[in-house]
Amino acid sequence: MQTFKKEERLSRKKIVDQLFSEGKSFVVFPYRIVWMSYDLETNYPAQVLINVSKKKFKRAVDRNLIKRRTREAYRRNKESWYKFLEGNNFKCAFALLYISTEIASYKAIEEKIILSLQRLQSEYEKDIK
RNA sequence: UUAACAGUCCAUUCUAUCGUCACGCCUUUGGCGUGAAGGAAAGUCGGGACAACACAGAGCGCCGUACUUCCUAACGGGAAGGAUCCCGCCUCGGCGGGAGACAGCAAGUGCCACAGAAAAUAACAGCCUAUGUCGGGAUUCCGGCAGGUAACGUUGAAAACGUGAGGUAAGAGCUCACGUCCCGCUGUGGCGACAUAGCGGGAGGGUAAACCUUACGGGUUGAAAGGCCAUGUAUACCGGGAACAGAGGGCUGCUCGUCCAAUCCCGGGGGGUUGGCCGUUAGAUCCUGAUGGUGACAUCAGGGCCAGAUAAAUGAUAGAUUAAAAACAGAAUCCCGCUUACAGGGUUGUUAAUACA
RNA sequence: GGCCCCGUAGUUCAAUGGAUAGAACGGAAGUUUCCUAAACUUUAGAUAGAGGUUCGAUUCCUCUCGGGGCUA
């Protein structure tokens with residue numbers, strides 16, 4: 001199902017603090033991805049945090065637009081990522097940080113989200129070895 | 001009809017698929033139904049509601065406001081009116097439009113660069129010798145001193161009521177006529193600001209978005225306010241200070257008052273929590289109509305329920321209309337204003353042009 | 001969300017309401033040197049924006065823009 005419920009989003013301050021102090025990160029422009037394995041109290045295999053900086057986009061309307069496009073792209077393309085995690089019995093907390101200063105179109109964002117999720121899988125495979 | 005200007009109103013449409021948040025219902029790992037940002041949600045510039053502090057006291061300090069009357073819960077907001085200034089018109093004293101933080105430098109103090117004698121107390125240059133005195137001269141003349149005197153003195157943003165006459169030694173609102181302005185009193189009109197007429201007194205540079213005076217108002221802190229439940233814990237140790245008597249504390253700059261009071265304060269260092277519920281959306285509410293009022297607005301009647309999240313909800317794709325789905329822009333306790341941003345469209349008024357009658 | 005503070009040369013700071021807006025470092029040009037550094041001489045460069053009060057505004061007032069701090 002292409003849902004995006006609240007349980008699929010990262011909201012615990014404790015986990016967020018831990019993620020940003022201990023998590024590993026890489027960049028797939030315009031996103032910076034911070035991730036770590038965490039034993040989440042949910043049925044979903046991953047929780048995601050989407051962030052757009054107020055320093056880079058002054059107006060709330062612009063921030064909302066980017067967050068909505070990112071959320072939409074993640075919702076439509078997360079299926080294989082979930083299958084991978086469930087197949088290996090992993091649970092993952094990660095953050096998508098938008099670091100560009102320009103507003104990207106939906107098509108560009110979707111492309112990069114797919115790339116990011118593939119990169120996350122390969123990072124996990126590296127970690128196992 | 002078109003264009004310009006001013007005012008006012010509306011503001012990313014419709015269909016399908018997949019999704020987000022809240023509420024309700026059901027056969028509850030889900031499904032169905034309903035609802036889902038703004039005129040500025042923005043800036044946080046005023047004012048309130050609400051909450052805690054003693055539901056709050058006194059004085060000082062500090063801050064704010066400033067023509068009048070009214071509206072409002074309140075306001076620095078709004079309405080109507082007054083005076084002043086600016087613009088336009090003409091039949092020349094009226095009409096129309098616009099502007100502004102519009103109390104008081106006639107209570108005190110300060111400041112006014114450069115220039116100028118001087119920036120307000122005076123002094124200086126100049127003018128006058130009526131009066132006093134001294135000297136010369138010798139009978140009404142000259143000079144000095146004392147004295148009198150005004151805004152006339154190249155400036156400047158600003159120079160001490162204006163013009164004319166009288167008056168005098170020379171002069172001066174010193175006096176008079178006409179005029180300007182200010183203060184007080186009285187009459188008339190108006191709730192009032194004020195207008196107008198008369199009488200009396202007076203003549204003063206500017207600056208209060210300089211200190212200030214007067215009048216009125218403001219207790220302080222803000223929903224990260226505040227209340228409840230759950231979980232968990234240790235003020236171990238070190239340094240400095242206050243105090244064994246009213247130290248310290250009660251969210252207030254100081255003093256007083258009042259209540260609680262034996263350990264308290266500062267720095268280093270350490271332990272625990274960082275979850276949930278309420279506040280939280282029905283209200284100075286919205287729509288329609290009637291009545292009162294010049295108006296802001298008020299009252300009455302009928303009807304409606306219109307986001308409520310807590311890392312924070314509205315998007316994506318395809319199609320249609322269109323020249324182009326397109327401006328400024330996203331609720332976070334709520335409300336009333338102000339200010340600022342803004343594509344397009346509707347509508348009202350004024351002006352100009354064109355066409356027709 | 002709430003409450004505050006600050007915007008002056010490229011940088012760090014000055015400047016009672018008096019305008020030619022100052023100083024240090026830095027920049028540019030020149031002198032000196034075989035070349036560089038140092039030294040010396042000269043020079044460019046700024047009041048965040050708009051409006052108001054005032055004869056006059058960096059300074060006082062209002063609005064806008066930008067930056068920063070505090071608050072569990």
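Every chain is numbered from 1 and lettered A, B, ... according to where its sequence line falls, protein lines coming before strand lines. Remember, it's a predicted structure, so these values are computed and weren't measured experimentally.
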For [X], check side chain to side chain donor-acceptor pair (under 3.5 Å) against everything at least two apart and list the hits.
| X | answer |
| --- | --- |
| A:E72 | A:R75 |
| A:R9 | none |
| A:N51 | none |

For the pair made of [atom1] in [X] and [atom2] in [N], what is the distance, rounded to whole Å?
| X | N | atom1 | atom2 | answer |
| --- | --- | --- | --- | --- |
| A:Y74 | B:rG315 | OH | P | 21 Å |
| A:K54 | B:rG330 | NZ | P | 10 Å |
| A:I103 | B:rG315 | CD1 | C1' | 15 Å |
| A:F20 | B:rA311 | CZ | P | 15 Å |

Partner nucleotide of [N] by Watson-Crick or wobble geometry (both distances under 3.5 Å):
| N | answer |
| --- | --- |
| B:rA58 | B:rU255 |
| B:rU294 | none |
| B:rA352 | B:rU2 |

List for me each residue that meets salt bridge (Lys or Arg N to Asp or Glu O under 4.0 Å) alongside [X], sequence neighbours excluded, and say none if there are none.
| X | value |
| --- | --- |
| A:E86 | none |
| A:E110 | none |
| A:R68 | none |
| A:R59 | A:D62 |

Open item on the list: Here's a test of your reading of the structure: between A:V61 and A:I50, which maps to the more 5' nucleotide of RNA chain B?
Closed with: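 This one resolves to A:I50.
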Contact list (N/O, under 3.5 angstrom) for nucleotides 68-72 of chain C vs protein:
from: C:rG68; atom 1: OP1; to: A:K55; atom 2: NZ; distance (Å): 3.4

Taking the chi torsion of [N], is it syn (within 90° of 0) or anti (everything else)?
| N | value |
| --- | --- |
| B:rA282 | anti |
| B:rG97 | anti |
| B:rU154 | syn |
| B:rU281 | syn |
| B:rC161 | anti |

Under 4.0 Å: is that the gap between some side-chain N or O of [X] and OP1 or OP2 of [N]?
| X | N | value |
| --- | --- | --- |
| A:R59 | B:rA41 | no |
| A:R76 | B:rU317 | no |
| A:R9 | B:rA312 | yes |
| A:K6 | B:rU310 | yes |

Open item on the list: On a heavy-atom basis, which atom in A:V28 and which in A:R119 lie closest, and how many Å separate them?
Closed with: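 Smallest interatomic distance, heavy atoms only, reads CG2-NH1, 4.4 Å.
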TODO: Under the ring-ring contact (aromatic ring centres under 6.0 Å, His included) rule, collect the residues that match up with A:F90, sequence neighbours excluded.
DONE: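 A:F90: ring-ring contact (aromatic ring centres under 6.0 Å, His included) contacts with A:Y124.
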Task: A:F4: partners by ring-ring contact (aromatic ring centres under 6.0 Å, His included), with sequence neighbours left out - done: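 Result, ring-ring contact (aromatic ring centres under 6.0 Å, His included) vs A:F4: A:Y74.
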TODO: Take the angle between the ring planes of A:W81 and A:F94 and call it parallel below 30°, perpendicular above 60°, tilted in between.
DONE: perpendicular
Open item on the list: Counting only side-chain heavy atoms from C-beta out, which of B:rA329, B:rU310, B:rA316 sits nearest to A:Y106?
Closed with: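 My answer, after comparing the listed nucleotides, is B:rA316.
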Open item on the list: Which nucleotide wins on minimum distance to the side chain of A:A60, given the candidates B:rA331, B:rC18, B:rU20?
Closed with: B:rA331
Open item on the list: Heavy atoms within less than 4.0 Å of RNA chain B: which residues of residues 62-70 of chain A have one? Give them sorted by number.
Closed with: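 The stretch gives A:N64, A:R68, A:R69 as the residues lying under 4.0 Å from the strand, ordered by number.
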Task: Consecutive-pair stems (at least three Watson-Crick or G-U pairs, under 3.5 Å) that include RNA chain C - done: C:1-7 with C:65-71, C:10-13 with C:22-25, C:27-31 with C:39-43, C:48-52 with C:60-64
Task: Lys/Arg N to Asp/Glu carboxylate O, A:K107 vs A:E111, below 4.0 Å - done: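 So A:K107 does not pair with A:E111 through a salt bridge.
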Open item on the list: More than 12 heavy atoms of other residues, nucleotides or ligands under 6.0 Å from CZ of A:R32: yes or no?
Closed with: no
Task: Base of B:rC18 paired with side chain of A:R75 (donor-acceptor, under 3.5 Å) - done: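 Side chain to base: pair found, below 3.5 Å.
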